[in-house]
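To start, the structure itself, in structure tokens.
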There are 2 protein chains.
Amino acid sequence: MSLNETFRALSDPTRRQILDLLRRGEMTAGALADRFDMTKPSMSHHFAVLKEADLVTSRREGQQIWYALNTTVVEDVLAWAVQLAADGRDRGGKSE
Amino acid sequence: MSLNETFRALSDPTRRQILDLLRRGEMTAGALADRFDMTKPSMSHHFAVLKEADLVTSRREGQQIWYALNTTVVEDVLAWAVQLAADGRDRGGKSE
DNA sequence: ACGATATTTAGTTGTTAGTCTAATTAGCGA
DNA sequence: TCGCTAATTAGACTAACAACTAAATATCGT
């Protein structure tokens, strides 16, 4: 896993919105693209970045490609943040 | 708060290492810079990005500037990831 | 195999990011 | 104020990014 790639992928608002939509379940590339004011090739680029970061998985079903959220990597981010926040707080003395 | 800025700041490995060092407590700009194989101006740039993203705070004490981790924003990232992971898992059916 | 639909790949362009060197600001002590 | 140290700002250069249009690939139905 590369937090590098992961955070880079998350640093784009369009990509975070895509993940947000996928919280509710799988969606096809086309259905996702329709939700944004952007060309399909541009959206396809974002899908590729998310896939490379392993934040989503994809499978083809006929002519469509279904994308799904990969919670595993999200949990890695979670773990990273927990550690940073927890240790920081222990020292910082911020009690709540 | 802007997750945009936050994730952009976190997408650089040097900056994540800086935060990592700050888990243990405040450090001066110079002390931090010494830990990296990079010029001080470059390090200063990274401090500025982290400050802009509100991931660190700074205060001057004499000739030195002390940087400290701001756990509040880290916790915002945490909350974001929790929501994504939790909702995603509810649907994804991943039981552990 | 053909035509239509779904999606990605290629190539281009303008913008942003990370790094460096050189110059500048800020504070301290004599 | 002068000289020293700490840190940032300015300017330049290269690499990487996000968006677009046009073209290519993959699958389906006839």
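Heavy atoms only: backbone and side chains are in, while hydrogens, waters and symmetry mates are out. Protein chains get the first letters and strands the later ones, always in sequence-line order, with residue 1 at the start of each.
Of all non-hydrogen atoms in R16(B) and L10(B), the two that sit nearest each other are NH1-O, 2.8 Å. A81(B) and L78(A) get closest at one heavy-atom pair: CB-CD1, 3.4 Å.
Of the listed nucleotides (dT7(C), dC28(C), dT19(C)), dT19(C) has the atom at the smallest distance from the side chain of T14(B). Out of dT7(C), dT19(C), dA7(D), the shortest distance to the side chain of M38(B) is found at dT19(C). In the set dA19(D), dA22(C), dA10(C), dA10(C) carries the atom at the smallest distance from any side-chain atom of P41(A).
Taking atom CZ of F7(A) as the reference point, atom P of dC17(D) lies 17 Å away to the nearest angstrom. The nearest whole Å value for the distance from the CD1 atom in I18(B) to the P atom in dG18(C) is 11 Å. One can place CD of Q64(B) at 11 Å from C1' of dC28(C), the figure rounded to the nearest angstrom. Between the CZ atom of F36(A) and the P atom of dT7(C) there is a distance of 15 Å, rounded to whole Å. Distance R16(A) CZ to dA18(D) P: 12 Å, rounded to the nearest Å. Distance E52(B) CD to dT8(D) C1': 14 Å, rounded to the nearest Å. Counting to the nearest Å, the C1' atom of dT16(C) and the CG atom of D12(B) are 14 Å from each other. Between the NZ atom of K51(A) and the C1' atom of dT8(C) there is a distance of 10 Å, given to the nearest Å.
Contact annotation: T39(A) side-chain N/O to dC20(D) OP1/OP2 distance is under 4.0 Å. In this structure, S44(B) reaches the dT8(D) phosphate: one of its side-chain N or O atoms is under 4.0 Å from OP1 or OP2. Checking the phosphate oxygens (OP1, OP2) of dA26(C), no side-chain nitrogen or oxygen of R60(B) falls inside 4.0 Å. Taking 4.0 angstrom as the limit, R8(A) places none of its side-chain polar atoms (N or O) nearer than this to OP1 or OP2 of dA17(C). The phosphate of dC17(D) (OP1 or OP2) has no side-chain N or O of H46(A) nearer than 4.0 angstrom.
Linking ILVMFWY side-chain heavy atoms closer than 4.5 Å, directly or via other members, places L55(B) and I65(B) in a single hydrophobic cluster.
Among the heavy atoms of the strands lying under 4.0 Å from H45(B) is at least one base atom, whether or not backbone atoms are also near. Among the protein residues, M43(A) comes within range of no part of the nucleic acid, since none of its heavy atoms lies under 4.0 Å from any strand. Nucleic acid contact class of Y67(A) (heavy atoms, under 4.0 Å, all strands): sugar-phosphate only.
The backbone N or O of P41(A) sits nowhere less than 3.5 Å from a side-chain atom of S44(A) that would complete a donor-acceptor pair. Looking at N70(B), its side chain does come within 3.5 Å of a backbone N or O of D54(B) through a donor-acceptor pair.
Closest-nucleotide positions on DNA chain D for G62(A) and W66(B) were compared, and the one nearer the 5' end corresponds to W66(B). When the nearest nucleotides of DNA chain C are assigned to Q63(B) and V49(B) by heavy-atom distance, the more 5′-ward of the two goes with V49(B).
By the 30° and 60° cut-offs, the orientation of the rings of F47(A) relative to Y67(A) is tilted.
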